Number of protein chains: 2
Amino acid sequence: MVQDEIDLTEKQILRRGEILGSATKLFLNEGYGRTTMDNVLALVGGSKRTLYKYFPNKEALFTAIIEQVSDRVLSAFTPPLCEGIFRETLIGMGARYLQVMTSAECISLYRAMVAEAPHFPDLADNFLQNGPCRASQHLAEYLRSHAKNNRLRITDPDLCAAQFMGAVRGNVHFHAVFNGRVPTKKETQMISEAAVETLLNGWSK
Amino acid sequence: MVQDEIDLTEKQILRRGEILGSATKLFLNEGYGRTTMDNVLALVGGSKRTLYKYFPNKEALFTAIIEQVSDRVLSAFTPPLCEGIFRETLIGMGARYLQVMTSAECISLYRAMVAEAPHFPDLADNFLQNGPCRASQHLAEYLRSHAKNNRLRITDPDLCAAQFMGAVRGNVHFHAVFNGRVPTKKETQMISEAAVETLLNGWSK
DNA sequence: ATTTATGGATACGATATCGTATCTTACCCT
DNA sequence: AGGGTAAGATACGATATCGTATCCATAAAT
């Protein structure tokens, strides 16, 4: 696996990247079933020989795409925790979470993953762990270490974190997925503020 | 449209139902792209002639399936509101919501809808309105009429309802979609109780 | 009982799609 | 500049798929 990439020249790595980039657009916009290899080829140019050299089959191409986009998109879920006012930090995390979750790229990724989850269980699991779950684990860690100082009655930080993320999502994510209706940055801010308002109050002793 | 069904005999209606039932399993389990008309035929038996008589093409069959399953599954979101203790009613609504959302049938429906939303925008909109949105509207109505009596500081019932439904979902729905991990009835009950605990406290004056 | 309509079996046409193989061109290195 | 390698163009095989058309059996109706 690593061997495959070791003996690629700089140019070949670039070419591989071009193919991956073009294919990403197609697979994420049209889905796995509606994207064909010929389709990829028409967009990226070149020949089948080259395409199949870098990606032995359609599934491998899809897998590579999902892994790359997952890494890029989902890494935004766990920014370094800049210490600040507790309430403001929560609001920021919620707003950022919603912003990422409803970004065009994440929605496309989500759609593709949901559709193909049964056929790519490993990819699906990876997405789940590095996406929503990682985001709420990140929050849970924060809650765990700051609950006492802020007089919060939090017995299960993981559950509370999931509650918070869920409350922030509300129906907004559904709208984005089914309707293409994504919130503005100002809206995400207000939604996160409202969630923090309610949940901080709800958790307080 | 109605005309089409008027001149069907009793037997034909049954036959149509059989086809619809068998096709439903395939489309919901395998998705639109991986289900073929020949595939449907092999399961339901009979001939193409009959299949295409009742459903002029693949898209029409899919549409009919989604509409039928939507009606059946999503109607469970809005049970008649039996008056009772406010807190208990909320817990019941949350638990029921989570139960329906993570049922095998709803997960399959959700998967199919997410995957095909861009290609069947009307279906997607219908699902959104009669699914998640209807459930939270139902709750919003309840909150609107019971907030004062229960000394709740609820300025935006729709937002609060969405918060609550989201908090109940937490990451559970994601797990069901990506991992096939569905909660037991006892777990849904506990999750809903926890959400009510937090949010009622959060909304109280 | 004969005719008519209905449904089953299946052949068929047209196109699509994955992945391989062949042939030719362009590029690189010495 | 020339030989060798990588890559482009594209033909090809095998199969699949949608939807139509054809042929035959069976049931219903007169």
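Here is the naming used below: chain letters follow the sequence lines, and residue numbers restart at 1 for every chain. Just so it is clear, the structure is predicted and the values come from calculations on it, not from any experiment. Below, each value reflects all heavy atoms present in this structure, side chains not excepted, and no hydrogens, waters or symmetry copies.
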Which dot-bracket string fits DNA chain C when only Watson-Crick or G-U wobble pairs with both atom distances under 3.5 Å count, crossing pairs get [ ], and | stands for a partner on a different strand?
||||||||||||||||||||||||||||||
Give me each pair satisfying salt bridge (charged side-chain N to carboxylate O under 4.0 Å, His left out) with a member in residues 123-141 of chain A, each pair once, sequence neighbours excluded.
A:Glu141-A:Arg144
Side chains of B:Ser70 and B:Asn130, donor plus acceptor under 3.5 Å:
no
Would you tabulate the side-chain donor-acceptor contacts of residues 106-113 of chain A under 3.5 Å, counting partners in other chains and residues two or more places apart, or write 'none'?
| from | atom 1 | to | atom 2 | distance (Å) |
| --- | --- | --- | --- | --- |
| A:Ser108 | OG | A:Ala104 | O | 3.1 |
| A:Tyr110 | OH | B:Tyr110 | OH | 2.5 |
| A:Arg111 | NH1 | A:Val177 | O | 2.7 |

Can you pull out every salt bridge (charged side-chain N to carboxylate O under 4.0 Å, His left out) where at least one residue sits in residues 85-96 of chain B? Sequence neighbours excluded, please.
B:Arg87-B:Glu197
Sugar-phosphate only, base, or nothing, as touched by A:Phe55 at under 4.0 Å among non-hydrogen atoms
nothing
All ring pair (Phe, Tyr, Trp, His ring centres under 6.0 Å) counterparts of B:Phe55, not counting sequence neighbours
none
Partners passing side-chain contact (heavy atoms from CB on, under 4.5 Å) against B:Thr24 (at least two apart in sequence or in another chain):
B:Leu28, B:Ile65, B:Gln68, B:Val69
Residues in side-chain contact (heavy atoms from CB on, under 4.5 Å) contact with B:Ala115, at least two apart in sequence or another chain
A:Ala115
Check the distance between C:dC27's C1' and A:Arg15's CZ and give it to me in whole angstrom.
14 Å
Sugar-phosphate atoms are those with a prime plus P, OP1 and OP2; base atoms are the rest. Using that split, label each nucleotide of nucleotides 15-30 of chain D B, S or - for protein heavy atoms under 4.0 Å, 5' to 3'.
--SBBB-BB-------
Which nucleotide, D:dA6, D:dG8, C:dG7, lies nearest any side-chain atom of B:Gln12?
C:dG7
Residue pairs meeting salt bridge (charged side-chain N to carboxylate O under 4.0 Å, His left out), one or both in residues 159-185 of chain B, sequence neighbours left out, come to none
Mind running a 4.0 Å heavy-atom check of residues 40-47 of chain A against DNA chain D and sending the residues that fall below it, in number order?
A:Gly46, A:Ser47
Distance in angstrom units between A:Arg16 CZ and D:dA7 C1', rounded
17 Å
Can you run down the salt bridge (charged side-chain N to carboxylate O under 4.0 Å, His left out) pairs that involve residues 29-52 of chain A, sequence neighbours left out, and say none if there aren't any?
A:Arg34-B:Glu116, A:Asp38-A:Lys48
Taking only residues two or more places apart in sequence or in another chain, which ones pass ring pair (Phe, Tyr, Trp, His ring centres under 6.0 Å) with B:Phe86?
B:Tyr142
